[in-house]
There are 2 protein chains.
Amino acid sequence: MALGPGSQTHADVLRSTIRGAGLKVTAPRVAVLDVLQHAPHSSAEQVFAEVRKSLSGTSAQAVYGILAAFTGAGLVRRFDPPDSPALFECRVGDNHHHLACIGCGLIQDVDCVIREAPCLTPSDDSGFTIFSAEVTFNGLCRTCQSNRAPQTA
Amino acid sequence: MALGPGSQTHADVLRSTIRGAGLKVTAPRVAVLDVLQHAPHSSAEQVFAEVRKSLSGTSAQAVYGILAAFTGAGLVRRFDPPDSPALFECRVGDNHHHLACIGCGLIQDVDCVIREAPCLTPSDDSGFTIFSAEVTFNGLCRTCQSNRAPQTA
DNA sequence: CAGTTGTTTTGACAGACTCAAAACAACTGC
DNA sequence: GCAGTTGTTTTGAGTCTGTCAAAACAACTG
């Protein structure tokens with residue numbers, strides 16, 4: 001890839017994404033965003049471990065702070081599956097949902113059939129102003145199904 | 001209320017509910033189920049505090065164990081809102097969803113318009129066998145809206 | 001009423017996350 | 001470029017939620 005003077009590296013894109021959200025651009029922030037793009041559904045600790053591979057001086061608290069800042073700025077989405085620490089991903093604003101495997105904890109994205117706002121309009125909002133909806137399907141993934149199927153005793 | 005020999009007290013109903021789920025009936029279990037019926041969306045600690053009012057000898061670990069047993073038996077439903085410990089409720093199997101207030105943490109039940117399985121059928125289940133769906137709407141409750149509205153600066 | 005089985009207590013412990021203050025780095029204007 | 005301001009990161013301690021294991025105990029069976 002010949003990168004001419006006008007072209008942007010991947011890191012440049014990350015930087016402008018961060019700045020575009022009104023946040024200062026720092027090395028750990030770029031690293032966190034990069035990790036999240038390559039490994040969605042990561043826990044804070046997983047992000048931390050990945051970031052340390054390139055930026056060994058980064059602290060765990062920095063990662064928590066960055067994830068909180070990104071979540072607040074709408075750059076990443078956080079969700080709390082049962083029996084798991086909070087997970088983070090940067091697919092945001094496209095209204096997709098999650099399949100969670102009860103057996104192995106695998107998380108998979110699913111697009112909603114109704115593209116816009118699925119059950120985003122509850123029958124009775126009780127005066128709430130809804131900002132976002134989190135839809136999580138609990139089930140068993142293909143692998144866990146075959147592992148458990150034999151136990152039909 | 002004249003309770004004749006054939007009638008059931010509330011405690012009797014609780015006991016047969018527990019036994020019906022294949023679990024042994026014990027005082028702390030009855031108490032936990034009772035608390036959950038009167039105060040849905042309770043955290044483990046809230047349940048523990050309530051239970052101790054009537055059964056002062058009960059331990060926190062017992063409550064955790066009971067909640068886990070009830071959840072496994074399908075008697076109660078557990079869900080994990082962001083920025084909050086896990087909550088428990090005994091409305092189960094009626095496919096209702098939750099409104100969560102970002103401001104004050106208030107949780108409110110909502111019935112789904114589509115009565116059976118709302119987004120319970122994702123567009124692509126990726127080979128998963130779906131057991132249940134958790135739908136959480138994040139927003140601001142009426143009270144928090146009026147508290148924040150003035151800050152239009 | 002005794003035996004078996006499962007529950008609860010007790011106490012230690014681990015994981016996820018937060019708080020506060022000092023050291024530090026990014027963006028502003030000069 | 002360079003200093004100043006503002007916000008970020010580090011460091012270190014600490015909190016909260018929830019887990020594990022073994023012994024004491026209570027509920028259901030016959």
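Scope of the values below: all heavy atoms of this structure, side chains included, with no hydrogens, waters or symmetry mates.
- The CG atom of B:Leu106 sits 7.5 Å away from atom OG1 of B:Thr143, with the distance rounded to the nearest 0.5 Å.
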Worksheet, complete the sentence: Per-nt protein contacts along nucleotides 25-30 of chain C (heavy atom under 4.0 Å; B base, S backbone sugar-phosphate only, - none) come out as -BS---
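- Pairs of residues two or more places apart, or lying in two chains, never qualify as side-chain hydrogen bond (donor to acceptor under 3.5 Å, both in side chains) while including a residue from residues 57-75 of chain A.
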Measure all distances between protein nitrogen or oxygen atoms and nitrogen or oxygen atoms of nucleotides 1-3 of chain D, and list the pairs falling under 3.5 Å.
none

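- B:Leu33 belongs to a hydrophobic cluster with B:Leu14, B:Ile18, B:Leu23, B:Val25, B:Val30, B:Val32, B:Val35, B:Leu36, B:Val47, B:Phe48, B:Val51, B:Leu55, B:Val63, B:Ile66, B:Leu67, B:Phe70, B:Leu75, B:Val76, B:Phe88, counting contacts under 4.5 Å between side-chain heavy atoms of Ile, Leu, Val, Met, Phe, Trp and Tyr, direct or through other members.
- Considering only residues two or more places apart in sequence or on other chains, A:Ser43 meets the side-chain contact (heavy atoms from CB on, under 4.5 Å) condition with A:Glu45, A:Gln46, A:Pro85, A:Leu87.
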Worksheet item: Pairs counted as Watson-Crick or G-U wobble with both distances under 3.5 Å: what dot-bracket string results for DNA chain D, using | for bases tied to another strand?
Response: ||||||||||||||||||||||||||||||
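- By the side-chain contact (heavy atoms from CB on, under 4.5 Å) test, B:Arg91 is found to be paired with B:Asp94, B:His96, B:Asp109, B:Asp111, residues two or more places apart in sequence or in another chain being considered.
- Taking a 4.5 Å side-chain heavy-atom cut-off between Ile, Leu, Val, Met, Phe, Trp and Tyr, the cluster of B:Val13 contains only that residue.
- The CG atom of A:Leu87 sits 15 Å away from the C1' atom of C:dC17 (whole-angstrom rounding).
- Partners of A:Asp80 by side-chain contact (heavy atoms from CB on, under 4.5 Å), not counting sequence neighbours, listed by chain and number: A:Arg78, A:Ala86, B:Asp80, B:Pro82.
- Side-chain atoms of A:Asp34 do not come within 3.5 Å of backbone N or O of A:Ala31 as any donor-acceptor pair.
- At a threshold of 4.5 Å between non-hydrogen side-chain atoms, the residues B:Arg15 and B:Arg29 do not count as touching.
- Every residue meeting the side-chain hydrogen bond (donor to acceptor under 3.5 Å, both in side chains) condition with A:Thr129, not counting sequence neighbours, appears here in chain and number order: B:Gln145.
- Contacts of residues 44-76 of chain A with DNA chain D (heavy atom under 4.0 Å): A:Gly57, A:Thr58, A:Ser59, A:Gln61, A:Ala62, A:Ile66.
- Counting to the nearest Å, the C1' atom of C:dG15 and the CG atom of A:Asp80 are 15 Å from each other.
- Between B:Phe137 and B:His98, the gap from one ring centroid to the other reaches at least 6.0 Å.
- Partners of A:Ala39 according to the side-chain contact (heavy atoms from CB on, under 4.5 Å) rule, which considers only residues two or more places apart in sequence or in another chain, are A:Ser42.
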